[in-house]
Amino acid sequence: MSTDTDTTVIARTVVRVVVPVILLTAVALLLQGHNLPGGGFIAGVLTVTAFALVYIVFGREFLQRELLHVDDDGFLGGSIGEYGRTFTFGLALAASSGLAAIVVGELFAGGRYEFITQGVWFVYHVPVYHEIEIPTALFFDLGVYFVVVGALLTILAVVGRE
Amino acid sequence: MTDLVVAPLLVALFTAIATLPLRSAQRVQQAVSVFGGVLYLVAVAALVRAVRVDADGYLVYELSNWEAPFGITLVADDLSVLMLGLAAVVSLAALVFSVRGIPEVGQRISYHPLYHLMVVGITGSFLTADVFNLFVWFEVMLMSSYVLVVFYSGPDETRAALHYAFLNLLGSAVMLLAIGGLYATTGTLNMADMAEYLATVPASQTTPVLGLSALLFAVFALKAGIVPFQFWVPDAYRAAPAPVAAMLAGVVKKVGVYAIVRLLFTVFSVAALPPGLFGENATFLAFYGPVLLVMAIGSVVVGGLGAVGREDLDGLLAYSSIGQVGFIVLPLAVAASAVPGAGAEIPREGLVTLGITAALVYSVNHGLAKSLLFFVSGALSRTLGTVRFDALGGVSERNPTLAGSFFVGALALIGIPPLSGFFGKLLVFDVGAQAGSTVVLAVALAGAILTIAYFTLAWSRGFWGPPSDAVAGASVDRSFVLVAAVLAVSIVVLGVGFGPLYDLSYAGAQAATETQGYVDAVLGGSQ
């Protein structure tokens, strides 16, 4: 049975197709962000865009219960607490990735690496890709990604509840 | 050892992160937060020691291992560490005060992480040697302070925070514009590199730089709350919770003062003024001298007169801090005009250093005393629910320690020996006398009289006499009294043993004027 407030079949079908594409694009942007357009921030925003689409078309209940497995109750508990932990983790990851340079420098390089010094590994002979570049900046980007996702989902949850 | 430069920054950053997931365990969160404040003080003390004793005045840290001027450089010199020391002391006191001074719900939600992120921004602003990075640290500091100002989120607070946020966003936009312009005209963002370049530019081509530096200066003046950019100060300070108001008045304002000193005296002091403004061979400082003087006079008068007419303690303190910043800018104005080649005045190297020293001593004294006064006001407002003078009265009888601390803070701002404020005032007058400027002396005198007037009013209406009904029935939390008393004692100690503070301020003033030393340290360190 459908009512006026329900979303159309078109919207639901489109979202079903588009959301995976958006998420894949987000991952691609995250991975190439250290030296091409992209990065943790934009990847995070895109990810939340995907969630927002699901939210608009299928409703908040569906997003939180079925997809993210979080309840919403209490001010700091439930979904908002969960999102808060996400951005706390992201912040800690981003900051630690900077600190790691000092620690690694102290341990292996006689204290020569300053805060947020970056490095890069190249992995060769990978099938299809042949060569993969793993920069330490990726950890920072990943941290930013979690901060953005956590913060935007918090906003979505708080504003959506009102 | 150079890792020490970044240590205070990291301590504050990781404390902020550590307090975030502890929001459900309130006692633990408070303990971690205060412990972070102690650790910050230790880190700053170690840095002060490293700069003053072990290094020859400069510690340079190239973030991310990128060489200056291409990467972002942090520099700890005497000027930076003096300001950091002030920040560390006031910040720890404010944290201890916050544990009981901020409502529990507020602390749970966001207070501690925001507070430490504000400290991160302050620390970065004092350390960075990169103009754009300075903008970023300003933003870090402001983002947190927006939320902290609106913390109680009543109608008044929201209005005040809206003004505060709007003005500072406008300021940030202007600052970004000025920095973009400076990058376009000088080709660099590194302060040392910019100074080195500006020294080589002929006077006929510095006009755009002068205009852009003036834009930048206006933004710093907005942060410092100097007339004519003072209008946001009273509302924001009244709206902010007491420990935040103490930080805003005691430290965040000084970030503006620091930026003025750093940019004008270290960077723009070497740029030749376009001919026709102040004669031949003048530098930018010749232009800023009179500007600073007018702004200082305005601040002293507006702040002083405004404070006299206030009906509540917070308002009085807010206006007072406008007036007191005038006292900080006054010797800076003299110093700027006394730089060789400044034209009208007789150029005197010694007076430049003395002027900046006076400003720095006064900054430290004002930072400590004004935060102390905001703590007392916060203790009263948390206990009584109001700081209107008609509800106060007789605090000295009910709680002599708290009232005594207020008395010490007020006397320090008035400038009574042997408190640190006495030397601050003395140096300001000394600078005026040595410059032979009756205007400076007259303004300083008028300001001093106004200071006496409004603190006498505050004392007699709020603290003297028989206790009012509200005061008689109230008992102030011990932690508030402790924080106020410790700060009061530290003001007395700093005044009695004034030598170290003077030495550090003098060294800071020399560091501010030693452009060549700064350039060598920043750009030479990379080779």
Side-chain angles (χ1 to χ4, degrees), chain A residues 34-35 41 73-120 135-141 143-144 146-148 150-151 154-155 157-158 162, chain B residues 1-26 29 32 43 59-68 71-75 104-114 116-117 120 123-124 127-128 133 136 140 143-144 147 525-526:
Chain A
H34 56 279
N35 57 8
F41 180 81
D73 51 274
F75 191 71
L76 287 177
S79 59
I80 294 175
E82 199 70 42
Y83 303 150
R85 278 191 282 284
T86 309
F87 72 69
T88 306
F89 170 74
L91 204 56
L93 183 64
S96 311
S97 78
L99 197 62
I102 297 184
V103 176
V104 170
E106 286 296 330
L107 291 180
F108 305 112
R112 280 192 300 112
Y113 296 154
E114 279 87 355
F115 184 58
I116 59 176
T117 302
Q118 306 293 340
V120 60
T136 49
L138 185 63
F139 294 103
F140 178 77
D141 267 338
V144 174
F146 282 118
V147 170
V148 173
T154 308
I155 295 172
V158 172
E162 277 162 11
Chain B
M1 189 181 71
T2 50
D3 281 337
L4 275 177
V5 178
V6 83
L9 204 66
L10 293 181
V11 167
L13 178 61
F14 279 92
T15 311
I17 297 171
T19 48
L20 255 178
L22 293 173
R23 291 189 289 184
S24 45
Q26 188 155 22
Q29 187 196 37
V32 168
L59 270 182
V60 179
Y61 193 78
E62 287 169 341
L63 278 176
S64 194
N65 217 350
W66 283 95
E67 282 182 8
I72 293 168
T73 313
L74 301 183
V75 179
E104 301 228 323
V105 186
Q107 290 193 50
R108 271 191 64 188
I109 296 172
S110 55
Y111 181 80
H112 292 285
L114 282 171
H116 286 286
L117 285 176
V120 170
T123 315
L127 284 175
T128 186
N133 198 227
V136 174
V140 171
M143 286 290 170
S144 324
V147 188
S526 57

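Naming convention: chains lettered A, B, ... in sequence-line order (proteins, then strands); numbering from 1 in each chain.
Side-chain atoms of Asn65(B) and Glu114(A), non-hydrogen and from C-beta on, do get closer than 4.5 Å to each other. Contact of the Pro21(B) side chain with the Phe89(A) side chain is not registered, since no non-hydrogen atoms from C-beta on lie closer than 4.5 Å.
Within the 4.5 angstrom heavy-atom criterion, atoms from both the backbone and the side chain of Ala92(A) approach chain B. For Leu10(B), the part lying near chain A is the side chain, with the backbone staying farther off; criterion is any non-hydrogen pair under 4.5 Å. For a residue to count as touching a neighbouring chain, one of its non-hydrogen atoms must lie under 4.5 Å from one of that chain's; by this rule Ile102(A) touches chain B with the side chain only.
For the atom pair CG (Leu74(B)) and CZ (Phe115(A)), the distance works out to 9.5 Å, reported to the nearest 0.5 Å. Remark: Ile116(A) CD1 to Ile72(B) CD1 distance equals 6.5 Å, nearest 0.5 Å.
Looking at every heavy atom in both residues, Gly84(A) comes nearest to Arg23(B) through CA-NH2, 4.1 Å.
Atom CZ of Phe140(A) has 12 or fewer neighbouring heavy atoms from other residues, nucleotides or ligands inside a 6.0 Å radius. Residue Tyr113(A) qualifies as open at atom OH: its count of foreign heavy atoms under 6.0 Å is 12 or below.
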